[in-house]
Every structure is written in structure tokens, then in C-alpha cells.
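Step one of this worksheet: look at the structure below.
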Amino acid sequence: MVVSTRVRVLLVAMAVVGMALGIIGFLGAVGSASPNNDHRHDKDRSTLTVVGKNSENKVIDLGAQGPSQGDIRVTNAPIYDESGKERIGRFDLFCAITDPADESSEKAHIAECTKTFTLPGGQISVQGVEAYPNLSGLSPGVNAISGGTGKYEGVEGEQRFELRGKKVIDTFHFID
């Protein structure tokens, strides 16, 4: 039996399409079963609140004496569950001053900050611009969640932080 070239091309094309659909179906099944995506569909994981206490802060004055562009703020602290009773991890922060409050009209030093929250099962990283009325203090703010590892792989959303006495309350709002 002689098969024309046109029929052979059609059969090969159908085989390629069939294989591609099979691979796509397989990858979709694996992706939907992946434990790393569970946080996106778990109602209990859409918000996470942690409490930071007893932080260690250090300001490194690199330029002219006093707050200046390029000075660095470094912080670390243990973090606790929402009740503030059970220690669940740690928090590390690194900020570089980009715009010091060196004019009378400026009320705060502006810094570009990166934070990492090490939690059971992984880490959450956030970044953003923060305002510091003084470099050793803190004022409320919001940062973007820039990534995660372990069970937090692929997280997106924002991290809000506020002071309550000597505690820092960090609330992560995850989005789908």
C-alpha cells in the first residue's frame, strides 16, 4: 500500500499534536497536585500574622557623620505566632538609606528595605521603600511579597507592619 506524502504529513502532525496534548495534560495533573501551591487555595493561609519582639537594630553610618545616603540599617528578631507566645522563627532586615531627611521639610529618612521571615517550612521575602522618622525607630508600612521558599514558594501579595508597644505585628496578605 502506497501512502501519499500528504497523508504521511497529516499522520505525523496528528501524532505530534497528540503527544503535545498528552504532555500538557500530564504536567497539568502534576501541577495541580503540587504541595507548593496549596497555600493559594487554603482559606486559612490567605492571611498570616506574626509578632516580632526583642529586635536587635544597628545603624551603620557610612558617609558623612549623621544620616546620609548609603547608611545602612540592619535588624534581626525572633518571631512568634499571632498570640505572641510561641516562637516560630526569625526575621532579618537590611535597609539602605536612599533619601535622608536632611531638609527641614522632610519628616522621615527613606530607605529601600529587604526582609526575610524564616518560618516553619520555608521563608518569605519582602521588599519596599520604608520611612523612618529616626533610624533606630519604626513607623507603620506596607511592602510587596517578593518570593518564598518551601511551602511559601510562589507566594504573592503584601506584608503590612505596625508597632504595638515594643512588638512589631507583621501581617501577610496572600493573593491568588
Side-chain angles (χ1 to χ4, degrees), residues 36-40 42-176:
N36 291 333
N37 291 329
D38 287 348
H39 66 273
R40 293 177 177 237
D42 182 350
K43 296 288 184 203
D44 295 335
R45 300 301 304 164
S46 61
T47 300
L48 171 66
T49 301
V50 297
V51 177
K53 304 187 223 181
N54 306 318
S55 66
E56 294 180 327
N57 297 300
K58 175 82 173 169
V59 177
I60 303 165
D61 192 350
L62 295 174
Q65 188 172 11
S68 61
Q69 190 174 41
D71 288 352
I72 298 171
R73 177 186 166 136
V74 180
T75 302
N76 72 74
I79 53 176
Y80 297 80
D81 64 1
E82 190 170 5
S83 72
K85 294 179 182 172
E86 181 183 348
R87 184 174 176 170
I88 59 170
R90 64 176 289 125
F91 157 81
D92 295 277
L93 166 135
F94 176 88
C95 297
I97 305 305
T98 57
D99 185 9
D102 53 5
E103 297 176 16
S104 61
S105 62
E106 296 177 312
K107 305 280 187 234
H109 308 286
I110 305 301
E112 177 68 32
C113 298
T114 300
K115 301 176 185 179
T116 302
F117 294 82
T118 303
L119 302 164
Q123 296 179 338
I124 300 173
S125 295
V126 302
Q127 12 178 186
V129 174
E130 296 184 12
Y132 292 95
N134 66 61
L135 290 179
S136 60
L138 178 70
S139 58
V142 179
N143 287 305
I145 297 173
S146 55
T149 64
K151 74 179 189 179
Y152 301 102
E153 179 182 357
V155 292
E156 297 176 311
E158 66 181 20
Q159 171 249 356
R160 293 183 173 271
F161 57 96
E162 63 180 308
L163 286 172
R164 290 191 195 151
K166 292 187 175 190
K167 299 176 185 173
V168 178
I169 310 302
D170 292 283
T171 303
F172 300 90
H173 298 280
F174 301 113
I175 58 172
D176 289 333

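Sequence positions, counted from 1, serve as the residue numbers for this chain.
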Under 3.5 Å, side-chain donor or acceptor atoms of residues 101-109 against the rest of the protein: list the pairs with distances, not counting sequence neighbours.
| unit_1 | atom_1 | unit_2 | atom_2 | d |
| --- | --- | --- | --- | --- |
| E106 | OE1 | D102 | N | 3.0 |
| E106 | OE1 | E103 | N | 3.1 |
| H109 | ND1 | A101 | N | 2.9 |

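Residue G147 comes nearest to V155 through the heavy atom pair O-CG2, 3.8 Å, listed as atom of the first residue, atom of the second, then distance. Nearest heavy atom pair, residue C113 against residue Y132, reads SG-OH, 3.7 Å. Between Q127 and T114, the shortest heavy-atom contact is NE2-OG1, 4.1 Å. When every heavy atom of D81 is checked against every heavy atom of S83, the shortest pair comes out as OD1-OG, 2.8 Å. Between D71 and G63, the shortest heavy-atom distance links the atoms OD1-N, 3.4 Å. When all heavy atoms are compared, the tightest approach of G70 to L62 is O-CD1, 3.3 Å.
Remark: K58 does not engage E56 in a salt bridge, criterion side-chain N to carboxylate O under 4.0 Å. Using a cut-off of 4.0 Å between Lys/Arg side-chain N and Asp/Glu carboxylate O, E162 and R164 are scored as salt-bridged.
With D61 contributing its side chain and G66 its backbone, the two residues share a donor-acceptor pair below 3.5 Å. Judged by distance alone, the side chain of T149 and the main-chain N or O of Q123 form a donor-acceptor pair under 3.5 Å. Formation of a donor-acceptor pair under 3.5 Å by the S46 side chain with backbone atoms of F174 is not found in this model. In this structure, S146 contributes its side chain and S125 its backbone to a donor-acceptor pair below 3.5 Å. Listed for the R73 side chain is a donor-acceptor partner under 3.5 Å among the backbone atoms of L135. K53 places a side-chain N or O within 3.5 Å of a backbone atom of G84 that can act as its donor or acceptor partner.
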Salt bridge (charged side-chain N to carboxylate O under 4.0 Å, His left out) between R90 and D92, worked out
CA-CA 7 Å; R90 64 176 289 125; D92 295 277; 2.6 Å; yes

Report the C-alpha distance between E153 and K151 in whole Å, list the side-chain angles of each, state the deciding distance to 0.1 Å, and finish with yes or no for salt bridge (charged side-chain N to carboxylate O under 4.0 Å, His left out).
CA-CA 6 Å; E153 179 182 357; K151 74 179 189 179; over 6 Å; no

Steps toward side-chain contact (heavy atoms from CB on, under 4.5 Å) verdict (Q69, I97)
CA-CA 5 Å; Q69 190 174 41; I97 305 305; 5.6 Å; no

Kindly indicate, with the supporting measurements, whether the criterion side-chain hydrogen bond (donor to acceptor under 3.5 Å, both in side chains) is fulfilled by N143 and E130.
CA-CA 8 Å; N143 287 305; E130 296 184 12; 2.8 Å; yes

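The neighbour count for K167 NZ, taken as heavy atoms of other residues, nucleotides or ligands under 6.0 Å away, does not exceed 12.
Not counting sequence neighbours, E112 has no partner by the salt bridge (Lys or Arg N to Asp or Glu O under 4.0 Å) test. Every residue meeting the ring-ring contact (aromatic ring centres under 6.0 Å, His included) condition with F91, not counting sequence neighbours, appears here in chain and number order: F117.
Side-chain contact between I124 and T116 is absent, with no heavy-atom pair separated by less than 4.5 Å. Residues T47 and T171 are in side-chain contact: their nearest non-hydrogen atoms beyond the backbone lie under 4.5 Å apart. In this structure the side chain of V74 reaches within 4.5 angstrom of the side chain of I60, judged on heavy atoms. Under the 4.5 Å side-chain criterion, counting only non-hydrogen atoms from C-beta, V168 is in contact with L138. A 4.5 Å side-chain heavy-atom check between L119 and I88 finds at least one atom pair inside the cut-off.
Note that OG1 of T118 and CD1 of I79 are 7.0 Å apart. Values are rounded to the nearest 0.5 Å. To the nearest 0.5 Å, the span separating CG on L48 from CD1 on I145 amounts to 9.0 Å. With values rounded to the nearest 0.5 angstrom, D99 atom CG is found 6.0 Å from I110 atom CD1.
Residue F161 is tested with D170, I169, V126, V50 for a side chain to side chain contact (heavy atoms under 4.5 Å, CB included); the sole match is D170.
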